[in-house]
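Only one structure is covered here, and it is reproduced in the block below.
This structure is a prediction, so every number in the text was calculated from the model and none was measured.
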Amino acid sequence: MPIIPVSPAALSVDNNNPRIPDEGLGQREAMRAVAGEDDGKLLLALAEDIVEYGQLSPAELPIIYPIPNRPNQYVVGEGNRRLVAIRALENPDTFVGAVSNEVLERLRKLSAKYQLSPVTEVYCCLMSGPDEADHWIDLRHTGKRGGAGLVEWGPHEKARRALRRTGKRQSHVALLDFLENGGHLTAAERRQVPLSSFERLVKNPAVRQRIGVSTDRDGNVRFVNEDAAIKGLLYIARDLISGTKKTVHIYTSAQRTQYASEIPTKAVPVPSPAKIGQTVSVAPTAGAAAAAAPVTQRVPLARLKKDRDTLMPSGTRLRVIDARTRKIWEEIQGLTLSKNPNALAVLFRVFLELSVDYYVLNTLKKPKSYINEKGVTLGVKLTAAVTDLETKTKLSRQEAAPVKVAAQKNSFLAMSVLTLNDYVHNALMIPTPTDLRAAWDGFDPFFKALWP
C-alpha cells in the first residue's frame, strides 16, 4: 500500500460513496450531493481549515485506487469530502443551488485566498481496488468496533486535551480533579460522571451557593467549607453516575435551581456561602424544623479563609537528610506562589524525584544504576516507594491512593507526574497557585512519611 503524491486533478469522487443518496450519478452531481450536507456548512468548515493551514490533514490520508483504462487517474474511496472541499475552493460556482447562498458567498471569498496558494499535491494511500480498501474505510466510519475502529474522544479526554494545550483547567474539571486527587472519587467513578451534566450543575449559581463553591477571576476554585463542599460535589457526581438525574431533569436554569434546593443539608455549609457579608437564607434542618421558615443569617467576613501563598501548609516540617535535596527544600520554603509559581513548579518536580531516588536507593536498597535504567521512570520509582510505605503502614490506603494515581501514565491530575513534567518541558503548561497547592496537598502525607 504505497503512499504517493497525486494532483487533485487526477482524483474523482466515488459516486457510490454512502454520503450520496442516489447511485449512478456523474461527477458533478455526486460532488454536489456531498457538498449539500447541512446546506454546505460542514463543507465550508473544512474549506476554511484547508485555506488556514494550506493543506489537508497529514494525520488522515485519503485512500485511492486506480480507474480502469484511465492511466494515472484515481477514485477516492476515503476522503471524498476533502476532495469536494478542494473542488469548491477551485470553483465555488459548481455548487450554486447545492449549498446555501450564505455558504456560497463565503466559499467565493475563500476561493480568492486559495488561488494564491492552492493545494497542488495530495498524499494518498494507493490500493489495488475497492475490495482492498473496504476494510480500512469501514474502520474509519463504522464506529469503535471493539477498539479496532476510530474511538473518538469523550468529554473527559477533550477537557484534558484543552488543559494540556492551554494550561487552563475549566472549573468543573478542576472540581473533579479535586475529588479524584483527594481520593474521594476513584478514577473509574470519575470516568462515569457525565461531564456536560456535571458542568451544568456546578456552574449554576444556586448550586454553587448551596454547596459553598466559588471561582475567582483566574478560574481558581474556592470553598467556604471544604468538607461540606466535598459532600455536596459527591452527592451531585453520584446522582449523575447512578442516572437518578439526567440531562432532561436539569436542562433549564429553573430545573437546576430546583435541584440545588434538593441537595441534603448535611452537604451545605452553615452559614450559606453567598457573597461575603450578604444576608442569605439557610435551609432548616430535617425533622420538626423542616416545616419552619428559612433562617436568615449574615455570612461573617472571617468565614472565607484566604488561600495560603506558600506551596506547603504553614508549619510543615520535613527531616530531609540528603544534602542537595535539603537545599532545594529550603529554597521552596522561601518562595511564594503569587510571585514564583514557575520556580516552585520546577523545584517541586525536582524535590519529588530526588526524594524518591533517595528512598529507592537507601531504603529499598536498589543499586545506583537502577534509577537511570531505561524504563525506570519517576512514575515507576514513585509507585515502588509509596507501595513500600503503605506496606510498612507508614501511609494509610487513603493517603497512598492519590499518589498511586499520580504515578500512572494516563493521569492528568494537578499532582500527577505527567503534569509536573509538563511544567518543566511544556511551554504552554502554566502552573497556577491553586494547582500547585492541590498538588502539594496530595503528596503531603507521602513526603511526611518519606522524610519523618
- side-chain contact (heavy atoms from CB on, under 4.5 Å) assessment of Leu382 paired with Leu352: CA-CA 9 Å; Leu382 181 59; Leu352 174 62; 4.3 Å; yes
- Task: In sequence, state the C-alpha distance, the side-chain angles, and the governing distance for Ile86 and Leu56, and then conclude on side-chain contact (heavy atoms from CB on, under 4.5 Å).
- Result: CA-CA 9 Å; Ile86 288 177; Leu56 300 182; 4.1 Å; yes
- Message: Using the rule given for side chain to side chain donor-acceptor pair (under 3.5 Å), can you reason through Ser355 versus Thr325, listing the C-alpha separation, both sets of side-chain angles and the distance that settles it, and then say yes or no?
- Response: CA-CA 7 Å; Ser355 297; Thr325 311; 5.4 Å; no
- Message: One pair to check against side-chain contact (heavy atoms from CB on, under 4.5 Å): Thr316 and Trp329. What are the steps and the verdict?
- Response: CA-CA 11 Å; Thr316 299; Trp329 169 238; 4.1 Å; yes
- Query: Ser242 and Thr244: side chain to side chain donor-acceptor pair (under 3.5 Å), yes or no, with the steps?
  - Reply: CA-CA 5 Å; Ser242 67; Thr244 302; 2.7 Å; yes
- Item | From CA spacing to verdict: side-chain contact (heavy atoms from CB on, under 4.5 Å), Gln255, Gln258 | CA-CA 5 Å; Gln255 287 174 314; Gln258 174 62 32; 5.6 Å; no
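Under 4.0 Å is where a charged nitrogen must lie from a carboxylate oxygen, and between Lys245 and Glu262 at least one such pair does. Between Glu60 and Arg140, at least one side-chain N (NZ, or NE/NH1/NH2) sits under 4.0 Å from a carboxylate O, which counts as a salt bridge. Remark: Asp177 engages Arg190 in a salt bridge, criterion side-chain N to carboxylate O under 4.0 Å. Under the 4.0 Å criterion applied to side-chain N and carboxylate O atoms, Glu353 and Arg349 are assigned as salt-bridge partners. Remark: Glu37 engages Arg19 in a salt bridge, criterion side-chain N to carboxylate O under 4.0 Å. Here Asp357 does not pair with Lys366 in a salt bridge; the nearest charged N to carboxylate O distance is not below 4.0 Å. Taking a cutoff of 4.0 Å between a charged side-chain nitrogen and a carboxylate oxygen, Lys448 and Asp444 qualify as a salt bridge. Checked for salt-bridge contact, Lys392 and Asp388 meet the test: a charged N lies under 4.0 Å from a carboxylate O.
Counting only distance, with no hydrogens or angles, the side chain of Asp309 and the backbone of Thr336 share no donor-acceptor pair below 3.5 Å. Remark: side-chain polar atoms of Arg308 are paired, donor with acceptor, to backbone N or O of Leu311 under 3.5 angstrom. No donor-acceptor distance shorter than 3.5 angstrom exists from the side chain of Arg200 to the backbone of Ile250, with no hydrogens or angles considered. At distances below 3.5 Å, not a single donor-acceptor pair connects side-chain atoms of Asn340 with backbone N or O atoms of Ala343. Distance alone, capped at 3.5 Å, places no donor-acceptor pair between the Arg256 side chain and the Val207 backbone. Thr383 places a side-chain N or O within 3.5 Å of a backbone atom of Gly379 that can act as its donor or acceptor partner. The main-chain N or O of Gly40 is never found under 3.5 Å from a side-chain atom of Asp38 such that the two would form a donor-acceptor pair.
Partners of Tyr259 by ring-ring contact (aromatic ring centres under 6.0 Å, His included), not counting sequence neighbours: none found. Applying the salt bridge (charged side-chain N to carboxylate O under 4.0 Å, His left out) criterion to Lys246, with sequence neighbours excluded, gives no partner residue.
Heavy atoms of other residues, nucleotides or ligands lying less than 6.0 angstrom from CD of Glu102 number 12 at most. More than 12 heavy-atom neighbours from other residues, nucleotides or ligands sit within 6.0 angstrom of NZ on Lys203. The number of heavy-atom neighbours closer than 6.0 Å to CH2 of Trp136, taken from other residues, nucleotides and ligands shown, is 12 or below.
Leu201 contributes atom CG, which lies 8.5 Å from atom CG of Asp239 (distance to the nearest 0.5 angstrom). Summarising the geometry, atom CG belonging to Leu61 is positioned 11.0 Å from atom CD1 belonging to Ile4; distances are rounded to the nearest 0.5 Å. Atom CD1 of residue Ile430 and atom OH of residue Tyr423 lie 10.0 Å apart, to the nearest 0.5 angstrom. We find the CG-OH distance between Leu107 and Tyr114 to be 12.5 Å, quoted to the nearest 0.5 Å. Between the CG atom in Asp49 and the CG atom in Leu110 there is a gap of 11.0 Å [rounded to 0.5 Å]. Interatomic distance, Leu378 CG to Ile371 CD1, rounded to the nearest 0.5 Å: 11.0 Å.
Of all heavy-atom pairs between Gly77 and Ile137, the closest is O-CD1, 3.4 Å. The nearest pair of heavy atoms linking Arg326 to Ile321 is NH1-O, 3.0 Å. The heavy-atom pair separating Cys125 from Met1 by the smallest distance is SG-CB, 3.9 Å. Closest heavy-atom contact between Ala449 and Lys394: CB-O, 3.7 Å.
Classified by interplanar angle (parallel below 30°, tilted 30° to 60°, perpendicular above 60°), the ring pair Phe351/Trp440 is parallel. Classification of the Phe447-Phe348 ring pair by plane angle, with boundaries at 30° and 60°, yields tilted.
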